[in-house]
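Worth knowing before you read on, the calculation uses all heavy atoms, side chains too, and leaves out hydrogens, waters and symmetry mates. Here, residue 1 is the first one in the sequence, and each next residue gets the next number.
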Amino acid sequence: PTLTDPRGERRPVTEALAEQKAAEADLALAADDLAAAERQRSLREQALTRQQDLRERNLGSDAAVEEAALALSSAEQSVLSRRQALLQAEARVDNAASALSRARITLADADRDLRDTVIRAPFDGRLTDVNVVQGGLVSPNEILARIVDPTALEVMIRLSSTQAAQ
């Protein structure tokens with residue numbers, strides 16, 4: 001079902017689709033960011049192992065090992081931060097999917113209500129004073145038009161005696 005606002009746009013569904021697309025893009029970026037952080041952590045682990053091996057052979061220093069251990073710790077913290085960002089991005093995708101589903105349900109309900117809405121006069125007639133615009137919003141108790149029943153019209157004309165005699 002497609003229900004449009006007065007400008008011909010399907011706003012809630014369109015906005016929900018845009019949010020879902022943005023959330024999915026953010027999820028992909030968060031996954032890439034996590035993968036990069038994990039590669040960085042792996043490199044830092046290798047560097048620490050190398051520095052520990054050099055120290056055991058008396059070719060490295062305790063300071064170099066400590067520096068490599070601190071770099072590894074920082075890389076591990078970065079991985080944790082990226083995992084949290086990934087979880088938040090996944091939650092955003094789920095929320096966007098839920099919002100899209102709700103918008104589609106709301107749109108379907110509004111479309112059904114619109115199809116079920118019919119305004120009928122209890123008699124045939126002609127419309128006058130029409131205040132309706134296609135796509136416009138109607139308030140409760142708003143007068144959309146006046147219906148004139150041509151078979152129930154009474155006309156009264158004042159005539160002078162002279163005019164009536166003619």
Compare every heavy atom of [Y] with every heavy atom of [X], then report the nearest pair and how far apart it is.
X      : Y      : answer
Arg92  : Ala22  : NH2-CB, 3.6 Å
Arg41  : Val79  : NH1-CG1, 3.8 Å
Ile143 : Asn131 : O-ND2, 3.8 Å
Leu48  : Ala68  : CA-CB, 3.7 Å

What about [X] and [Y], same hydrophobic cluster or not, with Ile/Leu/Val/Met/Phe/Trp/Tyr joined at side-chain heavy-atom distances under 4.5 Å?
X      : Y      : value
Val138 : Ile147 : yes
Leu107 : Ile105 : no
Leu29  : Leu27  : no

If the threshold is 4.0 Å, N to carboxylate O, is there a salt bridge linking Arg83 and Glu38?
yes
Charged N to carboxylate O under 4.0 angstrom, Asp53 versus Arg57?
yes
Given Val13 and Arg104, is the side-chain contact (heavy atoms from CB on, under 4.5 Å) satisfied, shown in steps?
CA-CA 6 Å; Val13 173; Arg104 285 184 171 151; 4.2 Å; yes
Going by atom types only, do Arg102 and Ser98 share a side-chain donor-acceptor pair under 3.5 Å?
yes
Tell me whether the count of non-hydrogen atoms from other residues, nucleotides or ligands lying under 6.0 Å of CG in Leu59 goes above 12.
yes
Is atom CD of Glu67 surrounded by more than 12 heavy atoms (other residues, nucleotides or ligands) closer than 6.0 Å?
no
Closer than 3.5 angstrom, by distance alone: can the side chain of [X] be matched with the main-chain N or O of [Y] as a donor-acceptor pair?
X      : Y      : answer
Ser139 : Glu142 : no
Ser81  : Gln77  : no
Glu90  : Leu87  : no
Glu15  : Pro12  : no

Which value, rounded to the nearest 0.5 Å, describes the distance between [X] atom [atom1] and [Y] atom [atom2]?
X     : Y      : atom1 : atom2 : result
Leu72 : Gln40  : CG    : CD    : 10.5 Å
Leu80 : Glu76  : CG    : CD    : 7.5 Å
Asp32 : Leu86  : CG    : CG    : 10.0 Å
Lys21 : Leu100 : NZ    : CG    : 13.5 Å
Arg82 : Ser78  : CZ    : OG    : 3.5 Å
Arg55 : Glu66  : CZ    : CD    : 10.0 Å

Please step through side-chain contact (heavy atoms from CB on, under 4.5 Å) for the pair Gln20 and Asn95, ending with a clear verdict.
CA-CA 8 Å; Gln20 185 177 39; Asn95 288 340; over 6 Å; no
